[in-house]
Q: 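Quick one: the structure is below, questions incoming.
Indexing begins at 1, ligand by ligand and atom by atom, following the structure's order. Just so you know, residue 1 is the first one in the sequence shown, and it goes up from there.
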Amino acid sequence: MNVLITGADGFIGSHLTELLVAEGYTVKALSQYNSFNNWGWLENVGCRKEIEVLSGDVRDPHYCKHITENIDVVFNLAALIAIPYSYVAPDSYVDTNIKGTLNICQAALENGVGRVIHTSTSEVYGTAQYVPIDEKHPLQAQSPYSASKIGADAMAMSFFNSFGLPLTIARPFNTYGPRQSARAVIPTIITQIASGMKQIKLGDTTPTRDFNYVADTCRGFLQLARCEQAIGEVVNIGSNYEISVADTLNLIRELMGSDVEFLTDEQRIRPEKSEVFRLWCDNTKIRGLTGFEPEYSIRDGLQKTIDWLVQPENLAKYKADIYNV
Ligand SMILES: NC(=O)c1ccc[n+]([C@@H]2O[C@H](COP(=O)([O-])OP(=O)(O)OC[C@H]3O[C@@H](n4cnc5c(N)ncnc54)[C@H](O)[C@@H]3O)[C@@H](O)[C@H]2O)c1
């Protein structure tokens, strides 16, 4: 099976690349083109010699047509994902997330790709109106990022409805693990503690999240790709629990044996209507379709993340002393 992973240079995409290689797939891994020929996290994967790395851009329809030739499955993960950056550069989110998804779907359709797994996000739900959040929960665009993913999902689903493109929308809840960018709260805290800081600046710590270890999220992607009944469906990937950011911080502090103090940084507080206060995944659908069960508890997943981030060669890739957007 020939698979194309867009966003393979990123956090989840690099883990998915490793999983699919281990499962015997022939992987083309798209890294966003840049003049440094930097392949992001693909520079560090053990399977680098077993994959074909492509440098390009999902915003270019010609390029998308070219890279989807002779592909059986496309995993579309390429996206701009930082919420704060979406406040100041929303146009680029439309270009990458909506237009990029259109380009991938159009190219997949024209090249007869057998399956497309498009990546959504739990951010599209906004603050839970009820919990746990199933796939019927209303969508609320609380940030330009969320709006662009709602648009991307709608574009992708329109290709199933209008043209029969065999597509599934995978909707992961918050994912964490090795290689996550420092704009996310878990790596922010771990890298600051590992760098010896005694005080850590954070935004609001009252929101709750359904945090998932990246290996579980990637298995969810793979199981959906193997499931015929998931075609034409939106499917949550999550663990069916919630934990507050504050409790997560305390757990990290305990696991790292730290006495660090947490401070509120106004710069990191989001506008009230934009902050998503509660996310908790109802994973009944994916369990029913694929038998998916998360394997990692939050404690085990955090420990693995800490073990990776405290390695000096990994920590050196993070800028723990600044606010990473
Ligand atoms: N991390 C999470 O908690 C989470 C949760 C739910 C959904 N998601 C979704 O999962 C996907 C991957 O997220 P991630 O956390 O790995 O983020 P990430 O930023 O690490 O990865 C995204 C990758 O997309 C690439 N990209 C951006 N613009 C591109 C373009 N124009 N052309 C080609 N590539 C481009 C970037 O180089 C980046 O490496 C995204 O679609 C995101 O919306 C992430």
Q: Which pairs count as salt bridge (charged side-chain N to carboxylate O under 4.0 Å, His left out) when at least one residue sits in residues 155-166, sequence neighbours excluded?
A: none
Q: Can you label the angle between the H137 ring and the Y125 ring as parallel, tilted or perpendicular, going by 30° and 60°?
A: perpendicular
Q: Give the intermediate values and the outcome of side-chain contact (heavy atoms from CB on, under 4.5 Å) for residues R183 and T188.
A: CA-CA 7 Å; R183 46 146 210 95; T188 296; over 6 Å; no
Q: Could you tell me whether ligand 1 has any atom less than 4.0 Å away from a heavy atom of K149?
A: yes
Q: Under 4.0 Å from any heavy atom of G10, which atoms of ligand 1 are there?
A: 20 (O), 21 (O), 39 (O)
Q: If you have a sec, work out which protein heavy atom is nearest atom 17 (O) of ligand 1 and how many Å separate them, to one decimal?
A: I81 CD1, 3.4 Å
Q: Taking N or O atoms only and a 3.5 Å limit, does T119 qualify as a polar contact for ligand 1?
A: no
Q: Regarding ligand 1, does L77 bring an N or O atom to under 3.5 Å of one of the ligand's N or O atoms?
A: yes
Q: What verdict does the side-chain contact (heavy atoms from CB on, under 4.5 Å) test give for D72 and V3, after you've listed the backbone C-alpha separation in whole Å, the side-chain angles of each residue and the deciding distance to 0.1 Å?
A: CA-CA 6 Å; D72 300 303; V3 306; 5.8 Å; no
Q: May I ask which of F11, Y93, W41, W39 has a heavy atom nearer to atom 18 (P) of ligand 1 than the others do?
A: F11
Q: Going by heavy-atom distance to atom 32 (N) of ligand 1, choose the closest among V58, N212, T121, N97.
A: V58
Q: Return the closest protein heavy atom for atom 6 (C) of ligand 1 as residue, atom name and distance.
A: P172 O, 3.2 Å
Q: Does any N/O atom on G7 come nearer than 3.5 Å to any N/O atom on ligand 1?
A: no
Q: With respect to atom 43 (O) of ligand 1, which of Y145, F211, Y176, F75 exhibits the smallest heavy-atom separation?
A: Y145
Q: Does ligand 1 have any atom sitting under 4.0 Å from a heavy atom of T6?
A: no
Q: Students often mix this up, so state it plainly: with edges at 30° and 60°, are the rings of Y213 and Y296 parallel, tilted or perpendicular?
A: tilted
Q: How close does the nearest protein non-hydrogen atom get to atom 7 (C) of ligand 1, and which residue and atom is it?
A: S120 O, 3.1 Å
Q: For ligand 1, which atoms have a heavy atom of T96 less than 4.0 angstrom away?
A: 28 (N), 29 (C), 31 (N)
Q: For the backbone of W41 and the side chain of D9, can you confirm whether one donor and one acceptor N or O come within less than 3.5 Å of each other?
A: no
Q: May I ask you to list the atoms of ligand 1 that are less than 4.0 angstrom from any heavy atom of N174?
A: 3 (O)
Q: Are any of the N/O atoms on S122, whether in the backbone or the side chain, positioned under 3.5 angstrom from an N/O atom of ligand 1?
A: no
Q: Below the 3.5 angstrom mark, is there an N/O of F173, backbone or side chain, next to an N/O of ligand 1?
A: no
